[in-house]
J.: 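Please see the structure below; I have some questions.
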Amino acid sequence: MPSSTSTPTAPASPASASKRERRKEARPGELLEAALELFVEKGFAATRVDEVASRAGVSKGTLFLYFPSKEELFKAVVRENIAGRFAEWNAELESFEGSASDLLRYCYQVWWERIGCTKASGITKLMISEAQNFPEITLFYQHEVIQPGQALVRRILQRGIDSGEFRPLDLNHAAYVVVAPMIFLMMWKHSVGACVPEGAGFAPEKYITAHVDALLHGLCAAPDPAPAPISSPPSFSSL
């Protein structure tokens with residue numbers, strides 16, 4: 001009886017190996033994108049890691065190779081979309097040429113384009129909705145997003161004060177005034193704004209312009225108005 005021989009397996013081609021390597025390198029980004037979508041759609045508590053893995057096209061075990069827990073996955077999403085960009089934004093502040101008013105307008109515009117009108121803005125609504133239930137996540141967000149964000153705003157305001165363009169301010173609380181419309185827009189986009197038809201009378205870009213104009217009229221230094229002349233009381237002879 002002739003002996004059977006097994007056919008040797010052909011080695012993988014360099015092209016296919018390269019493709020698999022590129023796919024492996026892309027997995028963290030694909031997982032973060034899927035996680036961002038689900039966290040924004042469902043919230044932190046309701047999102048399951050197996051859903052994230054399924055949307056990214058991998059197994060749950062593969063997800064845990066990159067992110068050991070749902071908490072660490074969420075932190076990575078925040079760093080990828082918001083916290084990891086503060087170095088870039090601080091560098092832009094340092095290199096900006098123009099007035100503090102122009103810088104403030106520019107920051108609102110850039111924030112809307114890069115965060116506000118994107119899916120990443122839903123992270124803020126998630127935090128406001130669920131912060132009380134997840135104190136560890138809340139402390140992380142406070143440390144990596146809120147504090148650096150407020151520090152960046154304070155630097156912009158201080159720049160205007162130093163140049164004489166803005167009047168002296170309580171910087172810690174003025175920073176909240178600057179950030180407030182951003183929070184409003186993020187909450188609006190992922191609540192009422194998701195339910196009303198487009199063009200229903202509210203345009204975020206125009207709202208930002210109106211708010212900046214109102215804000216700057218409150219910030220800008222202006223000369224003290226001349227005191228009104230004090231009129232002399234009428235004399236009895238004129239009565």
J.: If you define the side chain from C-beta out and look only at heavy atoms, does anything of Ile123 sit under 4.5 Å from Leu36?
T.: yes
J.: Is any side-chain heavy atom of Leu65 less than 4.5 Å from a side-chain heavy atom of Arg27?
T.: no
J.: Rounded to the nearest 0.5 Å, what separation is found between the CD1 atom of Ile161 and the CZ atom of Arg167?
T.: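 The distance works out to 9.0 Å.
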J.: What verdict does the salt bridge (Lys or Arg N to Asp or Glu O under 4.0 Å) test give for Glu80 and Arg85, after you've listed the backbone C-alpha separation in whole Å, the side-chain angles of each residue and the deciding distance to 0.1 Å?
T.: CA-CA 8 Å; Glu80 175 72 16; Arg85 309 182 73 173; over 6 Å; no
J.: Which heavy atom in Leu171 sits nearest to a heavy atom in Leu157, and how many Å separate them?
T.: CD2-CB, 3.6 Å
J.: Is there a donor-acceptor pair under 3.5 Å between the side chain of His190 and the backbone N or O of Gly122?
T.: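 Flag set: sc His190 to bb Gly122 pair under 3.5 Å.
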J.: So does Tyr176 have more than 12 non-hydrogen atoms from other groups sitting under 6.0 Å from OH?
T.: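 Not more than 12 within 6.0 Å, no.
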J.: Looking only at heavy atoms, which two atoms of Ser163 and Gly160 are closest? And how far apart?
T.: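 Closest pair (atom of Ser163, atom of Gly160, distance): OG-O, 3.0 Å.
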J.: What closest approach, in Å, do Glu30 and Ala56 show between heavy atoms, and which atom pair accounts for it?
T.: O-CB, 3.9 Å
J.: Could you give the distance from OG1 (Thr124) to CD1 (Ile128), rounded to the nearest 0.5 Å?
T.: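 The OG1 atom of Thr124 sits 6.5 Å away from the CD1 atom of Ile128.
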J.: Given the rule that I, L, V, M, F, W and Y join up when any side-chain heavy atoms are under 4.5 Å apart, are Val145 and Leu139 in one cluster?
T.: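 No: no chain of side-chain contacts under 4.5 Å links Val145 to Leu139.
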J.: Does Arg154 pair with Asp170 as a salt bridge, N-O distance under 4.0 Å?
T.: no
J.: Short question: side chain of Ser191, backbone of Met187 - any donor-acceptor pair under 3.5 Å?
T.: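 At least one qualifying donor-acceptor pair exists.
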J.: I need the minimum non-hydrogen distance between Val77 and Asn81, along with the two atoms involved.
T.: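 Heavy atoms of Val77 and Asn81 come nearest at O-ND2, 2.8 Å.
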J.: Return the minimal non-hydrogen interatomic distance between Lys70 and Ala45, and the atom names on each side.
T.: NZ-O, 3.4 Å
J.: Taking Asp102 first and then Arg105, would you say they form a salt bridge - that is, a charged N and a carboxylate O separated by under 4.0 Å?
T.: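 Looking at Arg105 together with Asp102, the answer is yes, because their closest N to O distance falls below 4.0 Å.
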J.: Which distance, rounded to the nearest 0.5 Å, do you find between the CZ of Arg79 and the CZ of Phe86?
T.: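 Taking CZ in Arg79 and CZ in Phe86, the distance rounds to 13.0 Å.
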J.: To the nearest 0.5 Å, what is the distance between CD1 (Ile156) and CG (Leu103)?
T.: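 Rounded to the nearest 0.5 Å, the CD1-CG separation comes out at 4.5 Å.
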J.: Answer with yes or no whether the hydrophobic clustering places Tyr66 together with Val58; edges join I, L, V, M, F, W, Y residues whose side-chain heavy atoms lie under 4.5 Å apart.
T.: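 Yes, one cluster joins them.
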J.: In plain terms, say whether Glu92 and Arg114 are close enough for a salt bridge, that is, a side-chain N and a carboxylate O under 4.0 Å apart.
T.: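 Looking at Glu92 and Arg114, the cut-off is met.
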J.: Is it true that a side-chain atom of Glu144 and a backbone atom of Ala83 form a donor plus acceptor pair closer than 3.5 Å?
T.: no
J.: Hey, are Lys42 and Glu51 close enough for a salt bridge, meaning a charged N less than 4.0 Å from a carboxylate O?
T.: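 Salt bridge present between Lys42 and Glu51.
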J.: Between the main-chain N or O of Ala131 and the side-chain N or O of Thr138, is there a donor-acceptor pair closer than 3.5 Å?
T.: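 Yes.
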J.: Given Leu126, which of Phe134, Phe74, Tyr141 fulfils the side-chain contact (heavy atoms from CB on, under 4.5 Å) condition?
T.: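 Among the candidates, only Phe74 passes.
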J.: When you look at Lys75 and Glu136, which way does the salt bridge (Lys or Arg N to Asp or Glu O under 4.0 Å) test go after all the steps?
T.: CA-CA 11 Å; Lys75 291 177 182 179; Glu136 178 190 347; 3.2 Å; yes
J.: Evaluate the side chain to side chain contact (heavy atoms under 4.5 Å, CB included) criterion for residues Glu41 and Leu38: first the C-alpha distance (whole Å), next the side-chain angles of each, then the deciding distance (0.1 Å), finally the verdict.
T.: CA-CA 5 Å; Glu41 289 171 14; Leu38 284 163; 4.0 Å; yes
J.: Calculate, to the nearest 0.5 Å, the distance between atoms CH2 and SG belonging to Trp89 and Cys107 respectively.
T.: 10.0 Å
J.: Is there a side-chain contact between Leu73 and Leu32 in this structure, where contact means two heavy atoms from C-beta onward sitting under 4.5 Å apart?
T.: yes
J.: Check the pair Gln158, Leu169 against side chain to side chain contact (heavy atoms under 4.5 Å, CB included), reporting the backbone distance first and the verdict last.
T.: CA-CA 9 Å; Gln158 187 66 60; Leu169 298 161; over 6 Å; no
J.: If you round to the nearest 0.5 Å, how far is CD1 of Ile146 from CZ of Phe140?
T.: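 The CD1 atom of Ile146 is 11.0 Å from CZ of Phe140, to the nearest 0.5 Å.
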J.: Run the ring-centre check on Tyr108 versus Trp111 and record whether the distance is less than 6.0 Å.
T.: no
J.: Are side-chain N/O atoms of Asn90 and Glu94 paired as donor and acceptor at under 3.5 Å?
T.: no
J.: Would you say the side chain of Glu71 lies within less than 4.5 Å of the side chain of Phe44, judging by non-hydrogen atoms?
T.: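 A side-chain contact under 4.5 Å exists here.
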J.: Applying a strict under-4.5 Å side-chain criterion to I, L, V, M, F, W and Y, I'd like to know whether Phe96 and Val110 cluster together.
T.: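 Yes.
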J.: Could you tell me whether a side-chain N or O of Ser121 sits under 3.5 Å from a main-chain N or O of Met186, the two making a donor and an acceptor?
T.: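 Not at all, since once roles are kept as given, no pair shorter than 3.5 Å links the two residues.
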J.: Inspect the contact between Glu33 and Arg55 and indicate whether a charged nitrogen and a carboxylate oxygen are less than 4.0 angstrom apart.
T.: no
J.: Is the distance between the ring centroids of Trp188 and Tyr207 under 6.0 Å?
T.: no
J.: What closest approach, in Å, do Ile82 and Ala120 show between heavy atoms, and which atom pair accounts for it?
T.: CD1-O, 4.2 Å
J.: Quick check on the hydrophobic clustering: are Ile183 and Val212 connected, directly or via other members, by side-chain heavy-atom contacts under 4.5 Å?
T.: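 Linked, Ile183 and Val212 end up in one cluster.
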J.: Examine distances only and state if a side-chain atom of Glu130 and a backbone atom of Gly43 form a donor-acceptor pair shorter than 3.5 Å.
T.: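 Not confirmed, Glu130 side chain does not pair with Gly43 backbone.
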J.: Determine, step by step, whether Phe64 and Val49 satisfy the side chain to side chain contact (heavy atoms under 4.5 Å, CB included) criterion, reporting the C-alpha distance in whole Å, the side-chain angles of both residues, the deciding distance to 0.1 Å, and the verdict.
T.: CA-CA 9 Å; Phe64 284 130; Val49 291; 3.7 Å; yes
